[in-house]
Structure formats: C-alpha cells, structure tokens
Amino acid sequence: MRSVWLEKFVRSFFFLCTLSAVVITIGIMASLIGEALRFFGRVSVVDFLFGVTWAPHILPTGEAVGFGAIPLFTGTALITLIAMVVAIPCGTMIAIYLSEYATSSLRQILKPLLETLAGIPTLVYGFFAVSTLAPFLQSIAELFHITVAGESALNAGLVMGIMILPYMSSLCEDALHTLPTSLREGSMGLGATSFETILRVLLPAAFPNLIAAFLLSLSRAIGETMIVVMAAGLAANLSFNPLQAVTTVTVQIVNLLTGDQEFDNAKTLAAFGLGFVLFILTLFLNILALYGVKRYKRTYG
Amino acid sequence: MISSFTKRHRKEKWFRRLGLASLFLALLFLGSIFGEIIYKGYPAFFRTVIARESGQISLLNPHARYHLSEAQEWIIASDDVDMYYKHGYVGKQTPTQIQTIEDLKKQGQIRLVFNTAFFTHSDSREPELAGIWGALIGSLLTLFITFLTAFPLGIGAALYLEEFASKTRFIHWIEANINNLAAVPSILFGLLGLVLFIHFMGLPRPSALVGGLTLGLMSLPVIVVTTRAALSSVPTALKEAALGLGATPLQVLFHHVLPTALPGMMTGVILSLARALGETAPLLMIGMVAFIGTPPSSFLDPTTVLPVQIFNWSRSPEMGFVENTSGAILILLFILVLLNGIAIFIRKRFES
C-alpha cells in the first residue's frame, strides 16, 4: 500500500512542477497586461500603435507625449528583414549541403559545431558589430562616396543574420535529414540527379518544417536584444533606408528601463506596452511555427 | 539527349558548389568574428610594467603610486602607457611621456607581464586595474540559483508530461504553453522578473538571487523540452519488461527510465545553463547594470555577472576597456565552449 501512496505523492509533485510552467506564462501575461493597461490609461492605444513620432517625455502639465511606436515597428521590421535576407538563402543552402552532400564524418563535426555556435551569446555578435563591422562598412561606403550611419540598420541586420544562421541551418537540417531515405532512393532510381531530387522531392516534402524553421528564426530575430542595443541606434527614424540609423522595440524597452526607475512613470510603463506587443507578435509566430504548419505536414515512410 | 544530360549534371555540380560556398561563407563570417575578438582580446592578458628603479612615477597607475613603499621591482603602468607600449596608440600622452617610454624601452626597464589582475581583481574605473573576478563569482552565484530553480521544476514537469500524463486537452494545452515559452524572447522574462521579484516581492535589486530566479524562469521551459526529448528516447520495451517482471511504476521510473535517460537530460541541463550564463538582456531589465567593484559575498549582495560586465566595458570609451571587453569575451567563450564540449562528450559517450 505504501508504494501506491508514494506513487500518488510523486505524481502530484511532478504535476505541480508542470503547473509551474503554466504559472510562468500566466505571470508574463499578467505582468505585461497589468502594466500595459496602466500605460494605456495615460497614452491612448491608437496614439501608441499608430503614432509616428517616438520621443517619449512628460510635459509639465503631466501629459505624456511622443509615444508613437510606428518608427520602432518599422525599425524592427527593417533590421529583421535584412537579417532574414542574409539568413534564409544561406541557411537553407548550408542545411541542404550538410544533409544531402556532406560526408557523414564532415556532418558529425559540423552539426555539433553549428549547435555550439547557436549558443554563442548575442552580446559577442553585438560587440563585433560596433567595434569591427560598423567602421568597416563606413570605410567601404567612403570609397563610393556614400555616407553610412555608424549605427546603421544594415550593420545590425547583417550581424543579426550571421547570428541567426547556425540556429536556422540547424533547424532546416533537421527538417531535411528526418525525411525517409526511400524518398531520395525513389527519385534517384528514376534517374533524377541530386539537385533535381532536392528541388522537386525533398524541399516540397520538408516545406512545412522549413517554414517552421524560418518562423522560429524570425521570432528569435524580432526578440533579439543585445545586438541591436549595441549596434542599432536610439534615434527613432521612420525610415526604410538601411544606411540610416533606426531603433527597435527591444532597444527602446532596454532604454526606457535602464534609466530612471520610477515605476509609476509613463516612460517606464511604456516599456511594458512595447513588451506586450513583442509578446503577442512572437507568440503568434511561435504558434504558427509549432502548430500552424502541422496540418500541412505529411508523413512519409 | 546527350546535351540535356550534360546540362542537368552541370546544374547539379553548380548547386553542390553553391552549397559548399555558403557553408564556407558562413564559416568565414563566424571565423572572422572569433579571429577579430581573439586578436583584440589576447593583449588584455598582458600588461605593461615599469621597473621601480627607473623612478618614472608619472607613468605609473595612480593607485600603484601609493604602493611604491612596497618592495615591488616592477610596478603597473597607467593605461595610456600600456596602450602606447602594446599598440603604439597615442592618446592623452604628452610627447615627453612618449620619449620617456622610448628611453625605458632601450634600457629594458619596461616590459609586458602576465596580467594576473585581470583574473583576480573585480571591476574598476581604470582599465589596467579592472578584472573579471567579481563578475565570475557573480555569475557562479547566479547560475547556482538558476540551477536550483529550473532543474527540479524542469525535470519534474518533463517526467510528468512524458511518463504520467494522459493525453487530455489540458495536457496538450500545457505542452503548447511550454513549447511556446521556450521560444519567448529572453527580454520578456526580464520584464516578468522586474514585476514579480522586485516590485511585487521587494527582493534586493542587483542581487544574484533575483538574477538567478529570472534566468531560472527562462531556463525552465528549455530544460523541460530537452528532458522530454531524452525521456522519449527510452525504449518502451525496457519499461514494459520491467513492468512485466512486477516492478511498480515508480520503480520503473527510478531504476530504469531515469538512468537510461540521464546522459540526455544532463546534456540538456548543461546547455540551458550555458545559455543562461551568456544571457544579458533579462538582467538589464532587473537593474543588474550598476558598477560593482567588489565580489558579492552573499546571494543578496549587489552583484554583476560576466556578460553584464562585458556590456558595461564595451560602452566605455577608453582604449584599455575595448581590450578588456574582448579579453572578457574570450573568457566567456572559453567557458561556454567547455560546457558545450562536456555536453557533446556526454552525448557521444553514452549514445552507443
């Protein structure tokens, strides 16, 4: 009888552990929503989501102005877009090479290497962006008589693309490598070359998983903080010029919360408004990646 | 017919080359990042000292001047001297100072020694005296709290979901929750930590306790996901055999499932702790950005961690700090590569 009692106890202990994960999600949502609601009590949702001027300050009358977050959204979009333009083609090609062409010994070296590289702190990439790539880009641009801002979107975006590359190629490689060998053998047995097999058989078969990999990488790029804090600017320019300085949602969250820390201030509360937008956006992308593409997945073998 | 055949094979060749080229390009990029950091960082492990008998007090570090009475033969030079001697970098030095350094060079009264202060000192306003000791201790204390929070909860949750839970909708919802949580940007965990631990619970702000708890919440879902993967790779036949021989479910779990899944679980835990070790953004949210000149002696003391100190150094304009930043990044990368190496070793060792 004792073992039954013990089993019940262990079981409920493990169940409580499981609930803790749910509590974290609820905690994140509650803290973000709670503080964001207080923020929207001072600044209207419409002004925040559709305003085009970001220069948060509080007038002597107590009115909070300059909380238009559109420049932050466009800045985030621009930097993320540059990162994706670098990472998607390069990451997919690396995954294809590793999964389909590389010898198994090369793959056994490169796969753990990719996973190790994916774990490098983004702070390191950020430091590279400011200390090396920014001056390098500026000196290249000088040759063509173009001015590039030291904190240009191009600089942050390129480094973010390099940062995301190991993560994305590792995910894409998983997507390709888990496809059954019979698909390859069937296609090649009919006389197709490897290239034709990859293009016509493997990529379509792995397509939902590849899209999931892209979406997870996108979500990671949008939420990335240290690279942009170090390499992108604070100036909220509403611009799609990659040579100009732009700012992002995460940069502004850090900026709003590392200065003065009065909690009852529209400026610190704005960080939670931005955090809420970030949470909803990444939640949407994650769910789409983890579950949305599931219905398009086919099973083989 | 033949021309089409050659064409198809030419395409094949080019495609293959394209793949190899992108692999090389990526490795080149990543290699240049590390090359650059190593190139910039290794001089931080050496510092310039001046012979005591030269009597050139103006070239010494201002703090070192007070210690002149101690019987040291070689005394730390100021960072301006250090930068000039190492890289020929001219900043605030006067022409006379530069001349003196050149003279000392000829007399052999200036040289480079291994920078022990970099490893034994805590942060300082002066680059030649600043070190990573305090930040290393801070990182260790913080990671300890992270481990205590995330490890039992994460393993427990994974065991429940993998071994006990029936596949109800509620369980599916929890699973979705955890999978999503593992991909939530780390900065949002910082916002949670700020509200929960600092404003709600009133814990002391830049402490290892708050930092560790925040990183613990961040690591928990990752540990659950990796532990579940390890548990699900335990063959069902093993469990059924044990059950068939009359073992209770708990005996099966503790005697068979856990030992078999342990290497995979450990790999996951090590990797998630490595990730927590390199994390900066959530710690900035909970106010761990202050200058801390002494190593913490308890979990409640003001604490800084290695990545935060790197971030702070990277914002200092002095040349000496640029070097220190790269030097500290090298140490951080060394620890992370070591942890990853251990994780890969465990996985490879027990895989077969």
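This is a predicted model, so every value here is computed, not measured. Just so it is clear: chains get the letters A, B, ... in the order the sequence lines come, proteins before strands, and each one is counted from 1.
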Counting only non-hydrogen atoms closer than 4.5 Å, does [X] touch chain A with its backbone (N, CA, C, O), its side chain (CB onward), both, or neither?
{"X": "B/Ile37", "value": "side chain"}
{"X": "B/Phe34", "value": "side chain"}
{"X": "B/Leu339", "value": "neither"}
{"X": "B/Leu333", "value": "side chain"}
{"X": "B/Leu20", "value": "both"}
{"X": "B/Lys13", "value": "neither"}
{"X": "B/Trp14", "value": "neither"}
{"X": "B/Leu271", "value": "neither"}
{"X": "B/Ala176", "value": "both"}
{"X": "B/Arg275", "value": "neither"}
{"X": "B/Phe170", "value": "side chain"}

Most heavy-atom pairs under 4.5 angstrom with chain B, which of [options]?
{"options": "A/Val229, A/Leu290, A/Thr132, A/Leu165", "result": "A/Thr132"}
{"options": "A/Leu16, A/Leu199, A/Thr122, A/Ile162", "result": "A/Ile162"}
{"options": "A/Arg220, A/Glu100, A/Met226, A/Glu224", "result": "A/Met226"}

Say you draw a straight line from [atom1] of [X] to [atom2] of [Y]; how long is it, rounded to the nearest 0.5 Å?
{"X": "A/Met93", "Y": "B/Leu25", "atom1": "CE", "atom2": "CG", "result": "12.0 Å"}
{"X": "A/Ile94", "Y": "B/Leu23", "atom1": "CD1", "atom2": "CG", "result": "5.5 Å"}
{"X": "A/Thr225", "Y": "B/Ile187", "atom1": "OG1", "atom2": "CD1", "result": "4.0 Å"}
{"X": "A/Glu196", "Y": "B/His9", "atom1": "CD", "atom2": "NE2", "result": "7.5 Å"}

Identify which of [options] forms the greatest number of heavy-atom pairs closer than 4.5 Å to chain A.
{"options": "B/Gly193, B/Ala183, B/Ser32, B/Gly190", "value": "B/Ala183"}
{"options": "B/Ala274, B/Ala165, B/Pro249", "value": "B/Pro249"}
{"options": "B/Leu220, B/Ile33, B/Asn177", "value": "B/Ile33"}
{"options": "B/Ile178, B/Leu217, B/Ile171", "value": "B/Leu217"}

On a heavy-atom basis, which atom in [X] and which in [Y] lie closest, and how many Å separate them?
{"X": "B/Leu284", "Y": "A/Thr258", "answer": "O-CG2, 3.7 Å"}
{"X": "A/Gly119", "Y": "B/Leu336", "answer": "O-CD1, 4.4 Å"}
{"X": "A/Thr18", "Y": "B/Gly156", "answer": "OG1-O, 4.5 Å"}
{"X": "A/Gly275", "Y": "B/Leu188", "answer": "O-CD2, 3.5 Å"}
{"X": "A/Glu35", "Y": "B/Val195", "answer": "CG-CG2, 4.1 Å"}
{"X": "A/Cys17", "Y": "B/Pro152", "answer": "SG-O, 4.0 Å"}

With a 4.5 angstrom heavy-atom cut-off, could you sort out which part of [X] is near chain B: side chain, backbone, both or neither?
{"X": "A/Tyr125", "value": "side chain"}
{"X": "A/Leu19", "value": "side chain"}
{"X": "A/Phe128", "value": "side chain"}
{"X": "A/Met230", "value": "side chain"}
{"X": "A/Arg11", "value": "both"}
{"X": "A/Leu283", "value": "both"}
{"X": "A/Ile28", "value": "both"}
{"X": "A/Leu113", "value": "side chain"}
{"X": "A/Val124", "value": "both"}
{"X": "A/Ile96", "value": "side chain"}
{"X": "A/Tyr97", "value": "side chain"}
{"X": "A/Leu285", "value": "neither"}
{"X": "A/Tyr101", "value": "both"}
{"X": "A/Val86", "value": "neither"}

Atom [atom1] of residue position [X] - does it have more than 12 heavy atoms of other residues, nucleotides or ligands inside 6.0 Å?
{"X": "B/Tyr39", "atom1": "OH", "answer": "no"}
{"X": "A/Arg200", "atom1": "CZ", "answer": "no"}
{"X": "A/Phe136", "atom1": "CZ", "answer": "no"}
{"X": "B/Phe29", "atom1": "CZ", "answer": "no"}
{"X": "A/Phe9", "atom1": "CZ", "answer": "no"}

Do [X] and [Y] touch side chain to side chain, with heavy atoms closer than 4.5 Å?
{"X": "B/Glu279", "Y": "A/Pro121", "answer": "no"}
{"X": "A/Glu7", "Y": "B/Thr248", "answer": "no"}
{"X": "B/Lys11", "Y": "A/Thr193", "answer": "no"}

For this session: Test side-chain contact (heavy atoms from CB on, under 4.5 Å) on B/Ser314 and A/Val130 and set out the steps.
Result: CA-CA 9 Å; B/Ser314 77; A/Val130 257; 6.0 Å; no
Problem set entry | Worked check of side-chain contact (heavy atoms from CB on, under 4.5 Å) between A/Phe14 and B/Ile155 | CA-CA 8 Å; A/Phe14 287 160; B/Ile155 301 285; over 6 Å; no
For this session: Go through the steps to decide whether A/Phe127 and B/Ser326 satisfy the test side-chain contact (heavy atoms from CB on, under 4.5 Å), and finish with yes or no.
Result: CA-CA 8 Å; A/Phe127 180 67; B/Ser326 311; 3.3 Å; yes
Exercise. Does a side-chain N-to-carboxylate-O contact under 4.0 Å join B/Arg347 and A/Glu115?
Worked result: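 Salt bridge between B/Arg347 and A/Glu115, a charged N being under 4.0 Å from a carboxylate O: yes.
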Problem set entry | Candidate pair A/Leu257 and B/Leu191, rule side-chain contact (heavy atoms from CB on, under 4.5 Å), full reasoning | CA-CA 9 Å; A/Leu257 283 179; B/Leu191 290 178; 3.3 Å; yes
Exercise. So, do B/Phe15 and A/Phe195 have ring centers that fall under 6.0 Å from each other?
Worked result: yes
Exercise. Do the side chain of B/Glu12 and the main chain of A/Ser194 share a donor and acceptor less than 3.5 angstrom apart?
Worked result: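 Side chain of B/Glu12 to backbone of A/Ser194, a donor-acceptor pair under 3.5 Å: yes, one is there.
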